[in-house]
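The structure under discussion appears below in the form of structure tokens.
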Amino acid sequence: MTSSVIKLGRDFYLRPTLEIAHDLIGKFLVYKKGKHLLSARLVEVEAYIGEEDPACHAAVGRTRRNDVMYGIGGHSYIYFIYGMYYCLNVVTERAGFPAAVLIRGAEPVEGAELMKRPYANPGSNRLTDGPGKICKAFGLTREQNGLDLTGAKLYLEDRGYRPLRIGTSRRIGIRKGTDKLWRFFEESSPFVSAKIGTKK
DNA sequence: TGTTGGATCAACT
DNA sequence: GTTGATCCAACAC
């Protein structure tokens, strides 16, 4: 509807992580990859909050791996896992408090053809329905870890899109902290990574 | 220096 | 529902 496009600034990332996670649904992830521009609308995220959250990488304390989570909100935290995949997080809250929002699902908007390149089966239109797949489609690796999301390379935008209904559920793929309902997703989106119903 | 297991995904049975 | 692919950080020694 509206044509206004607003890049999310530092203040967006310095609020409580659960608010940020909820508000990220429907925002657009934008990555300037060389002369190309890739973007996708977020449909699924999970919050990881503090050293008290057993599923958060910061549960073991500050290490070289999770260091950027201890920095000020509004930076990228990209880690490597399972020998083959990268996962993209948005660091939140003040410096010294480790928290982040994992980007789990998105709908390709711009640069969709480029996102197909890493895939053996480019005919699939499910290139970004999972945290590992988003990084694969966007070409994000450890090299993009710690980028300032208020900069010009990798950032998030509010393009005026408002999701119809945002569901919540427990988080996926973790062994500890599964009681918390810290996953947020746009209901009925085909780009949500797994179908787990809304729980109260 | 060596071991272990993970915020995944695709391809099986 | 289970498994294999395959890296690296964390931790034990």
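Below, chain A is the first sequence line, B the second, and so on; all start at residue 1.
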* Would you check if there is a donor-acceptor pair between the side chains of R65(A) and Y79(A) at a distance under 3.5 Å? => no
* **P atoms of dT6(C) and dG2(B), separation to the nearest Å** => 22 Å
* H57(A) NE2 to dG5(B) C1': how many Å, rounded? -> 12 Å
* Can you check the F80(A) CZ to dA5(C) C1' distance for me, whole Å? -> 11 Å
* Quick one: R142(A) CZ to dC7(C) C1', roughly how many Å, whole number? -> 8 Å
* Asked: When rounded to the nearest Å, what value does the distance between C1' atoms of dA10(B) and dC8(C) take?
  -> 22 Å
* Can you tell which of dA7(B), dC8(C), dA10(C) lies closest to the side chain of Y77(A)? -> dA7(B)
* **Nearest atoms (heavy-atom pairs only) where Y86(A) meets R142(A)** => CE2-N, 3.4 Å
* For a salt bridge (Lys or Arg N to Asp or Glu O under 4.0 Å) with E186(A), tell me which candidate from R41(A), R165(A), K27(A) qualifies. => R41(A)
* Where the side chain of V60(A) is defined as all heavy atoms beyond and including C-beta, which of dC9(B), dC11(C), dA7(B) is the nearest nucleotide? -> dC11(C)
* Asked: For DNA chain B, whose closest nucleotide is more 5', that of K133(A) or that of A55(A)?
  -> A55(A)
* Asked: With sugar-phosphate meaning primed atoms plus P, OP1 and OP2, does I174(A) contact a base, only sugar-phosphate, or nothing at under 4.0 Å between heavy atoms?
  -> sugar-phosphate
* To do: In whole angstrom, give the distance that lies between atom CD1 of I134(A) and atom C1' of dC9(B).
  => 13 Å
* **Interatomic distance, K180(A) NZ vs dA7(B) C1' [rounded to whole Å]** => 14 Å
* Spacing between I81(A) atom CD1 and dC7(C) atom C1', to the nearest angstrom -> 11 Å
* To do: Tell me the partner of dA5(C), counting only Watson-Crick (N1-N3 plus N6-O4 or O6-N4) or G-U wobble (N1-O2 and O6-N3) with both under 3.5 Å; none if nothing fits.
  => dT8(B)
* To do: In whole angstrom, give the distance that lies between atom NZ of K136(A) and atom P of dC9(B).
  => 10 Å
* dC9(B), dA7(B), dA10(C): which one has an atom nearest the side-chain heavy atoms of R65(A)? -> dA10(C)
* Take the protein atom CG of N66(A) and the nucleotide atom P of dA7(B), then report the distance between them rounded to whole Å. => 12 Å
* Taking atom types as they are modelled, is there a donor-acceptor pair under 3.5 Å from the base of dA7(B) to the side chain of Y79(A)? -> yes
* **Whether Y82(A) stacks on the six-membered ring of dT8(B) base, 5.5 Å and 30° limits** => yes
* Return no unless some side-chain N or O of R104(A) is found under 4.0 Å from OP1 or OP2 of dT8(B). => yes
* If you measure only the distance, is there a donor-acceptor pair under 3.5 Å linking the side chains of S76(A) and Q144(A)? -> no
* Asked: When we call it a touch if two heavy atoms are under 4.0 Å apart, what does G83(A) touch: a base, just sugar-phosphate, or nothing?
  -> base
* Would you say the side-chain atoms of R170(A) and T178(A) include a donor-acceptor pair closer than 3.5 Å? -> no
* Within the distance-only criterion (no hydrogens, no angle test), does the side chain of N66(A) pair as donor or acceptor with the backbone N or O of G61(A) below 3.5 angstrom? -> yes
* Quick one: which of dA5(C), dA7(B), dA9(C) gets closest to the side chain of M84(A)? -> dA5(C)
